[in-house]
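Structure, as structure tokens:
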Amino acid sequence: MSQTQTALTIAITEAHAASNYAPVPIVLTEGDGAYVTDIEGVRYLDFLGGFSTMLFGHRPPRITAAAHAQLDRLTLTSRAFYNDELAACVQELTELTGFERVLLMNTGAEAIETAIKCARKWAHTHRALGEDEGVIITFSKNFHGRTSTIISGSDDPVARAGYGPYTPGFVTVPFGDMEAVRQVAAASPVVAVLIEPVQGEAGVILPPAGFFEELREFTTAERIVFIADEVQSGMGRTGKLFASEHFGVRPDLVAVGKVLSGGILPVSALLGDSAFLDVFTPGSHGSTFGGSPFASAVTRSVIAELRDPAFLPRVSQLGDVLAEALALLSELPEVTAVRSIGLWAGVDIDPAFAPAQAVAQELRNRGVLVKDTQGKTLRMAPPAVATETEIRDAIALIGECVSVLRTAA
Ligand SMILES: *Cc1c(COP(=O)(O)O)cnc(C)c1O
């Protein structure tokens, strides 16, 4: 194993893959629990976790076993036919979540697209809004995916630039600004609000106190569909099944993905009661792969993990350890803010000191993978198979990295 293997693999990738990512220059070849190994044989603690996806760690034994078993039985039928795994999957998912119906798709972006279509059709059929009427309110610094419709509701210039004309029907207001929501509603009919209970890409940002609850009250009163994007925050990441539960809010529609996949294949879902999901009629929405026997079997094994009464308490317990470690870290003058909820955290580094990326690189040199976001934030989503010591040590290492950069400056 030599350094050239890394360089060569990167060169081949960059020569042939479209440049829509700027990956960290390591080449991963293996994953096991909380760890990944690169092509040079170097092991890293994976605290990025596929942007929250790998809550169960890499190759969780019961989930990979379920996948292997289903691979030897039946993988794809399309929804032209019923399949046994889909039946069990939707039954178990509705039992787990308390929503009456589920529509299975593949990626998070598709689940959001499904939610947008559901809310619009519901408003057209139940509120007598014209076909071209009504707006969906999104919130600044949101991330809901990369399709052309979804970026139309984004205010991220990098995600949008050059991809117009944009889909009409979105208005973006500041995250947490209830007055701005009311103003939009006073000016035009609002079909839905589309919101992350905790904004992931923005840097693990929690809403201001009372906002999420007030938004629920307002939307209920105005018959506005409340769509929670829990693709990153949902399915146990925050210590509860849904982050919305931390605010005592039950959305009308919930989009989930990432963790639901077990890290094996793309699985996403839109959850909601019949009153909303019944707008879908045969042929009016669908996916070749969504709800395949293979995806359903994997999802069922994820549901089984989430149903284990010890699982969510373990996430919360580890989350407390993470929060304690972050509180210590926040004493450093270069660390301007720390935020966490469950096994999900953002650490802001003073931009006058160093870009977050520089700290992430130092951390990588010491065997821990995280990713910067928004230039100044280290974002992490450790797996629930990490130990308390691994979590404490990794956060302490961030402090060490800051000291090293301080000395070098
Ligand atoms: C990742 C993510 C998406 C998009 O999911 P994909 O599977 O990448 O399409 C949507 N919303 C949120 C909050 C996400 O974190």
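Hydrogens, waters and symmetry mates play no part in the numbers below; they use all other heavy atoms, side chains included.
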With no hydrogens and no angle check, is any side-chain donor or acceptor of Lys258 less than 3.5 Å from a backbone partner on Ser52?
-> no
Pairwise side-chain contact, Leu93 with Leu260, heavy-atom cut-off 4.5 Å (strictly under) | yes
Could you check whether the rings of Phe175 and Phe139 sit parallel, tilted or perpendicular, using 30° and 60° as the cut-offs?
-> perpendicular
Paired with Ile227, the side-chain contact (heavy atoms from CB on, under 4.5 Å) test is passed by just one of Leu253, Val193, Ile195, namely Leu253
Evaluate the side-chain proximity of Pro189 to Arg223: yes if any heavy-atom separation is below 4.5 Å, no if none is.
-> no
With no hydrogens and no angle check, is any side-chain donor or acceptor of Glu390 less than 3.5 Å from a backbone partner on Ala386?
-> no
Are side-chain heavy atoms of Phe143 and Val231 found at a separation under 4.5 Å?
-> no
Above 12 or not: heavy atoms from other molecules or residues under 6.0 Å from CZ of Arg62?
-> no
Verify, without hydrogens or angle tests, whether Arg339 (side chain) and Val347 (backbone) share a donor-acceptor contact under 3.5 angstrom.
-> no
Gln232 and Arg379: side chain donor to acceptor below 3.5 Å | yes
Full working for salt bridge (charged side-chain N to carboxylate O under 4.0 Å, His left out) between Lys117 and Glu113 = CA-CA 6 Å; Lys117 287 173 76 173; Glu113 288 277 350; over 6 Å; no
Phe170 six-ring centre to Arg120 NZ/CZ under 6.0 Å and within 45° of normal = yes
Decide whether Tyr44 and Asp38 meet the rule of one side-chain donor and one side-chain acceptor closer than 3.5 Å.
-> yes
Are any non-hydrogen side-chain atoms of Val338 and Ser330 less than 4.5 angstrom apart?
-> yes
Using a 4.5 Å cut-off on heavy atoms from C-beta on, say whether the side chain of Phe247 contacts that of Pro207.
-> yes
Going by atom types only, do Glu196 and Ser233 share a side-chain donor-acceptor pair under 3.5 Å?
-> no
Leu405 vs Glu362, side chain to side chain contact (heavy atoms under 4.5 Å, CB included): CA-CA, chis, key distance, verdict = CA-CA 8 Å; Leu405 288 169; Glu362 286 297 331; 4.0 Å; yes
Phe226 ring center near Phe212 ring center (under 6.0 Å) = yes
Full working for side chain to side chain contact (heavy atoms under 4.5 Å, CB included) between Thr219 and Val225 = CA-CA 7 Å; Thr219 51; Val225 183; over 6 Å; no
Polar side-chain atom of Arg59 near backbone of Gly33 as donor-acceptor pair, under 3.5 Å = no
Looking at Asp252 and Arg216, does any basic side-chain N land under 4.0 Å from a carboxylate oxygen?
-> yes
What's the verdict on side chain to side chain contact (heavy atoms under 4.5 Å, CB included) for Val249 and Leu215, showing C-alpha distance, side-chain angles and the deciding distance?
-> CA-CA 9 Å; Val249 163; Leu215 186 65; over 6 Å; no
Check whether the side chains of Thr138 and His144 place a donor and an acceptor atom closer than 3.5 Å, and report yes or no.
-> no
Between Leu48 and Val370, is any pair of side-chain heavy atoms under 4.5 Å apart?
-> no
Look at the side chain of Ser301 and the backbone N and O of Val298, then say whether any donor-acceptor pair between them is shorter than 3.5 Å.
-> yes
Tell me, yes or no, whether the heavy-atom count around Glu334 atom CD, taken from other residues, nucleotides or ligands under 6.0 Å, exceeds 12.
-> yes
Does Gly49 offer a backbone N or O that forms a donor-acceptor pair with the side chain of Asp46 under 3.5 Å?
-> yes
Expected output: side-chain Ser152 to main-chain Thr167 donor-acceptor under 3.5 Å = yes
Do we see a donor-acceptor contact under 3.5 Å between the side chains of His246 and Thr238?
-> yes
Are the side chain of Thr281 and the backbone of Ser284 linked by a donor-acceptor contact shorter than 3.5 Å?
-> no
Can Asp278 and Arg101 be counted as an ion pair, charged N to O under 4.0 angstrom?
-> yes
Any side-chain donor near an acceptor of the partner, Thr377 and Asp348, under 3.5 Å = yes
Do Glu400 and Arg366 touch side chain to side chain, with heavy atoms closer than 4.5 Å?
-> yes
Non-hydrogen side-chain atoms of His58 and Tyr35 separated by less than 4.5 Å | no
Which is it for Arg250 and Asp273 under the salt bridge (charged side-chain N to carboxylate O under 4.0 Å, His left out) test, yes or no, and what are the steps along the way?
-> CA-CA 11 Å; Arg250 187 178 191 264; Asp273 286 342; 3.0 Å; yes
Could you tell me whether Tyr163 atom OH has more than 12 heavy atoms of other residues or ligands within 6.0 Å of it?
-> no
Would you mind checking if Arg73 and Asp84 are paired as a salt bridge, meaning a charged N to carboxylate O distance below 4.0 Å?
-> yes
Mark yes when over 12 heavy atoms from residues, nucleotides or ligands other than Lys141 sit less than 6.0 Å from its NZ; otherwise mark no.
-> no
Test: Arg237 and Glu230 ion pair at under 4.0 Å = no
Would Phe289 and Phe294 count as a close aromatic pair, with their ring centres under 6.0 Å?
-> no
Does a side-chain N-to-carboxylate-O contact under 4.0 Å join Glu201 and Lys371?
-> no
Using atom types as modelled and distance alone, determine if a side-chain donor or acceptor of Gln91 lies under 3.5 Å from a backbone N or O of Ala88.
-> no
Could you walk me through whether Leu322 and Leu318 pass the side chain to side chain contact (heavy atoms under 4.5 Å, CB included) check?
-> CA-CA 6 Å; Leu322 178 62; Leu318 290 172; over 6 Å; no
Donor-acceptor contact below 3.5 Å, side chain Asn142 vs main chain Leu194 | no
